[in-house]
Structure formats: C-alpha cells, structure tokens
Amino acid sequence: MPQLIVLPHVELCPEGAVIDAKPGVSICDTLLENGIEIEHACEKSCACTTCHVIVREGLESLNDAEELEEDMLDKAWGLEPNSRLSCQAIVDAQDLVIEIPKYTINMVKEGHH
C-alpha cells in the first residue's frame, strides 16, 4: 500500500503525517479520511482551488490533470509546476510526498458559518 507523506503545515498538520493511502482514492479524500481537514469549498467538484497541494515526490504516478483542473490551478495561490488539486489527483501505487500551501484563495470555509 502506498504512503502519503504530508509535510508539516502550521494549522492542518503541524507535525506532518505518514498515511497509508488506498490506490484509486483522491489525495483529498485520503487526507480527510485521516483527520487532515484540507479545505474543499466546492465539495471536490474541481470548481475552486482550496484543496491545492504541491506534490514534492511521486507526481509521475498520479493520473494526468485534465484541462479543467489545469484551468483552475492557474488561479491557485503559490502555484508550482508540480501543483495539483487534491480532489482530482488519484493515488496509484507509488508513495507521494505532498505539501499543503500555507494559504488558499477561499471566501467560504466549509463547516464555518
């Protein structure tokens, strides 16, 4: 089973994390299932950039980004060549190292009123 290695993030995962990831499941769902509350304001429909992650290792093992994801990523804060929307990036058999950016461009935070 591949591992999802999450680099430390001040708010969401201060110590970092190593998670067993199921192939065929998105990075976003894997994080949420393991208590890392990454933002996902559009409910994982590829309509925002709040679940943006930077894949530091293992990018080549992920499914290719579709045009809609690439268009959305253009709006993401801190965009890098190895950026993905975690709701669209599907885990395969290889370990992944990801960084959750410090900021997101988000006007509405799920679960907060």
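Treat the numbers as computed from the prediction; the structure is a model and nothing was measured.
Within the structure, salt bridge (charged side-chain N to carboxylate O under 4.0 Å, His left out) contacts touching residues 86-99 (residues at least two apart or in different chains) are R56-E99.
Judged purely by atom type and a 3.5 angstrom limit, H40 uses its side chain to pair as donor or acceptor with the backbone of I38. A distance-only check finds no donor-acceptor pair linking the side chain of Q3 to the backbone of A21 [under 3.5 Å]. S86 places a side-chain N or O within donor-acceptor distance of the main-chain N or O of C51, the cut-off being under 3.5 Å. Looking only at distances, no side-chain donor or acceptor of T49 sits under 3.5 Å from a matching main-chain atom of H52.
Using a 4.5 Å heavy-atom threshold, the side chains of I5 and L96 count as separate. Side chains of L7 and I98 form no contact here, defined as non-hydrogen atoms less than 4.5 Å apart.
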Apply side chain to side chain contact (heavy atoms under 4.5 Å, CB included) to I36 and T30, showing your working.
CA-CA 9 Å; I36 299 173; T30 301; over 6 Å; no
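The number of heavy atoms from other shown groups lying within 6.0 Å of CG (D64) does not exceed 12. Heavy atoms of other residues, nucleotides or ligands lying less than 6.0 angstrom from CD of E60 number more than 12.
For the pair D29 and K44, the salt-bridge criterion is met [side-chain N within less than 4.0 Å of a carboxylate O]. A salt bridge between E11 and K102 is absent, with no side-chain N of the basic residue lying under 4.0 Å from a carboxylate O of the acidic one.
Criterion: ILVMFWY side-chain heavy atoms under 4.5 Å apart, direct or through other members. Under it, L85 and I54 are not part of a common hydrophobic cluster. V55 and L32 end up in the same hydrophobic cluster when Ile, Leu, Val, Met, Phe, Trp and Tyr side chains are linked at under 4.5 Å.
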